[in-house]
Amino acid sequence: MINEIIKNAIQENSEEMVSIRRKLHSEPELSWEEYETSQFVFNYLTELGIECRKTEPTGVIGTLKGGKEGKTVALRADMDALSVEELNVDLPYKSVTSGKMHACGHDAHTSMLLAAAKALVGVKDQLPGSVRFIFQPAEEVATGAKAMVEQGAVEGVDDVFGIHIWSQIPSHSVACNPGPSFASADIFKVHFKGRGGHGAIPQNSIDAAIIASSFVMNVQSVVSRTIDPQQPAVVTVGKMVVGTRFNIIAENAEIEGTVRCFDAETRDHIEKQLKVYADNTAEIFGGTATVEYIRGTQAVINGEESSELVRQVAAEAFGENVVYDEKPTMGGEDFSFYLDEVPGSFALVGSGNAEKDTQWAHHHGKFNVDEEAMATGAELYAQYAWAYLNK
């Protein structure tokens with residue numbers, strides 16, 4: 001199942017891969033602003049002889065046609081950075097743009113997939129099928145994958161595979177369990193309206209602060225008392241804006257939060273219950289509520305056949321001890337939009353190494369990647385494509 005030419009090519013090109021990653025890390029671009037990054041990717045693929053095209057406004061799709069007829073497997077990497085101030089002040093390749101940073105590893109994903117593409121070109125004539133390379137913008141705002149799908153990224157694709165570098169598991173480990181991997185991630189906004197007034201004359205007012213506070217305290221029972229305990233779910237209120245002055249009773253209150261779960265029925269239920277709780281809480285105090293529920297990413301559910309192939313490839317390429325069982329995370333990933341269209345799976349490649357200070361959580365200003373683990377990710381991309389097409 002493992003192709004030794006691919007393995008050797010990844011090792012031979014590992015220094016170039018790290019160099020590319022450092023370049024991308026120092027030049028971060030936010031979601032939908034990945035113009036320089038996507039041009040670099042386009043040029044690199046073109047020089048490899050891979051047929052590629054740009055998508056609007058900042059995506060790239062490349063297709064490597066093998067020497068034999070067969071299926072098409074897609075490999076995806078995301079490219080966008082975050083609005084985070086880098087705290088790795090002594091890093092020689094730290095971000096040159098204040099307030100922007102690759103704090104989630106997308107620079108590594110892009111570099112790993114470029115290295116995988118180069119390795120696969122080396123076995124092009126032996127490939128029984130085609131490999132589609134998807135370099136996606138705007139994962140951090142959960143809209144990039146959907147846009148890529150709408151622009152034909154997975155048309156004619158039989159299977160799709162993605163990787164996320166993961167600082168919370170040991171370097172070089174590979175996790176890809178069948179079933180739920182990442183949760184759906186939705187946003188809710190609630191506007192409570194009361195009747196303002198003087199803080200010294202509360203009887204003539206309807207206090208929106210009281211309504212909002214009551215809602216925040218009680219809405220957690222949607223999860224704890226209306227959902228099967230065996231269906232994980234999280235409701236978090238992350239923002240509340242109430243009132244204008246210390247001695248004025250608030251007329252308006254704005255609340256924003258997020259809902260995370262893995263089950264579609266649970267998701268529907270929470271959406272309905274948020275409106276029920278908001279309306280009933282407001283009515284108790286004589287106010288009104290308006291609820292906006294915005295669906296973000298779907299849950300990432302790994303296909304059993306695909307995830308088992310990932311685990312087999314990892315075990316054969318790197319050893320049985322590399323395969324890691326990681327719990328599903330309540331984090332969101334818009335890779336789900338590809339899985340809505342075709343079978344596939346999404347793997348985690350560990351880069352957590354305290355000795356190299358790469359154990360920091362994603363989205364933290366000190367986040368960094370154990371660059372030695374990138375060879376594991378790059379080879380996993382390429383060997384998965386090889387194994388899938390040769391099944």
Side-chain angles (χ1 to χ4, degrees), residues 30-32 82-85 87 98-101 103-104 138 140-143 182-227 229 231-262 266-297 329-332 334 361-365:
L30 301 181
S31 302
W32 297 124
L82 284 156
S83 300
V84 172
E85 186 69 34
L87 301 179
S98 179
K100 297 180 183 180
M101 176 195 172
C104 203
E140 294 294 357
V141 293
T143 52
F182 283 71
S184 58
D186 301 333
I187 298 169
F188 65 89
K189 300 179 181 181
V190 185
H191 174 77
F192 291 108
K193 187 168 184 63
R195 185 169 61 244
H198 198 290
I201 315 173
Q203 69 274 18
N204 295 332
S205 303
I206 297 173
D207 193 342
I210 296 293
I211 302 173
S213 299
S214 181
F215 173 81
V216 170
M217 293 300 294
N218 290 309
V219 75
Q220 293 301 325
S221 62
V222 171
V223 174
S224 66
R225 288 298 177 269
T226 74
I227 292 173
Q231 291 293 347
V234 172
V235 174
T236 294
V237 175
K239 180 180 179 181
M240 183 164 66
V241 179
V242 182
T244 57
R245 183 179 162 85
F246 76 96
N247 64 346
I248 297 176
I249 289 175
E251 181 159 333
N252 298 288
E254 303 281 350
I255 284 176
E256 295 182 15
T258 186
V259 174
R260 309 294 176 103
C261 60
F262 299 105
T266 300
R267 191 183 194 186
D268 293 340
H269 173 79
I270 293 175
E271 179 178 356
K272 292 176 182 177
Q273 288 300 301
L274 286 175
K275 189 173 190 319
V276 169
Y277 273 59
D279 286 342
N280 288 345
T281 302
E283 185 179 2
I284 289 172
F285 297 100
T288 59
T290 303
V291 179
E292 180 183 7
Y293 195 92
I294 304 165
R295 295 209 169 200
T297 62
T329 173
M330 283 294 178
D334 73 354
H362 294 252
H363 295 207
H364 191 281

Q. Got a sec, which residues hit side chain to side chain contact (heavy atoms under 4.5 Å, CB included) with Thr236, two or more places apart in sequence or on another chain?
A. Val234, Thr258
(Q) Does any part of the side chain of Gln231, heavy atoms only, come nearer than 4.5 Å to the side chain of Cys261, both counted from C-beta? (A) no
(Q) Enumerate the salt bridge (Lys or Arg N to Asp or Glu O under 4.0 Å) contacts for residues 272-289, please, sequence neighbours excluded, ordered by first and then second residue. (A) Lys275-Asp279
Show me the donor-acceptor pairs, under 3.5 Å and distance only, between side chains in residues 284-293 and residues at least two apart or in other chains.
residue: Tyr293; atom: OH; partner: Asp186; partner atom: OD2; Å: 2.8

Q: Would you name the heavy atoms of Met330 and Pro232 that are closest together and state the gap between them?
A: CE-CB, 3.5 Å
Q | 4.5 Å side-chain heavy-atom contact, Asp334 and Val141 | A | no
Q) How far apart are the closest heavy atoms of Val84 and Gly365, and which atoms are they? A) CG1-CA, 3.8 Å
Q: Could you list the residues that satisfy ring-ring contact (aromatic ring centres under 6.0 Å, His included) with His363, not counting sequence neighbours?
A: none
(Q) How long is the straight-line distance from CG of Asn252 back to NZ of Lys193, given to the nearest 0.5 Å? (A) 4.5 Å
Q: State which residues pass side chain to side chain contact (heavy atoms under 4.5 Å, CB included) with Val222; sequence neighbours excluded, sorted by chain then number.
A: Val219, Thr226, Ile270, Gln273, Tyr277
Q. Are Leu30 and Lys100 close enough, and set up right, to give a side chain to side chain contact (heavy atoms under 4.5 Å, CB included), and what steps lead you there?
A. CA-CA 7 Å; Leu30 301 181; Lys100 297 180 183 180; 3.8 Å; yes
(Q) Between Lys189 and Glu254, does any NZ, NE, NH1 or NH2 come within less than 4.0 Å of an OD or OE carboxylate oxygen? (A) no
Q. Donor-acceptor pair, Arg260 side chain versus Ala185 backbone, under 3.5 Å?
A. no
(Q) Please give me the minimum heavy-atom distance between Ala233 and Val223, naming the atom from each residue. (A) O-CG1, 3.7 Å
(Q) Tell me the closest heavy-atom pair linking Val242 and Ala253, and the distance in Å. (A) CG2-CB, 3.6 Å
Counting only pairs under 3.5 Å, give me each side-chain donor-acceptor contact of residues 203-217, with atom names and distances, residues two or more places apart or in other chains.
residue: Asp207; atom: OD1; partner: Ala209; partner atom: N; Å: 2.9
residue: Ser213; atom: OG; partner: Ala209; partner atom: O; Å: 2.7
residue: Ser214; atom: OG; partner: Asn218; partner atom: ND2; Å: 3.2

Q: Looking only at non-hydrogen atoms, find the nearest pair between His362 and Cys104 and report the distance.
A: ND1-O, 3.4 Å
Q: Using the side chain to side chain contact (heavy atoms under 4.5 Å, CB included) rule, take Phe188 and Ile294 through it: C-alpha gap first, then chi angles, then the decisive distance, then the call.
A: CA-CA 6 Å; Phe188 65 89; Ile294 304 165; over 6 Å; no
Q) Is the closest side-chain heavy-atom distance between Glu85 and Ser98 below 4.5 Å? A) yes
Q.
Looking at every non-hydrogen atom in both residues, tell me the closest pair between Trp32 and Ala138 and how far apart they are.
A. CE2-CB, 3.3 Å
**Q.** Pairing of Glu271 and Arg295 as salt bridge, 4.0 angstrom limit
**A.** yes
Q. Heavy-atom distance under 4.5 Å between the side chains of Ile227 and His269, does that happen here?
A. yes
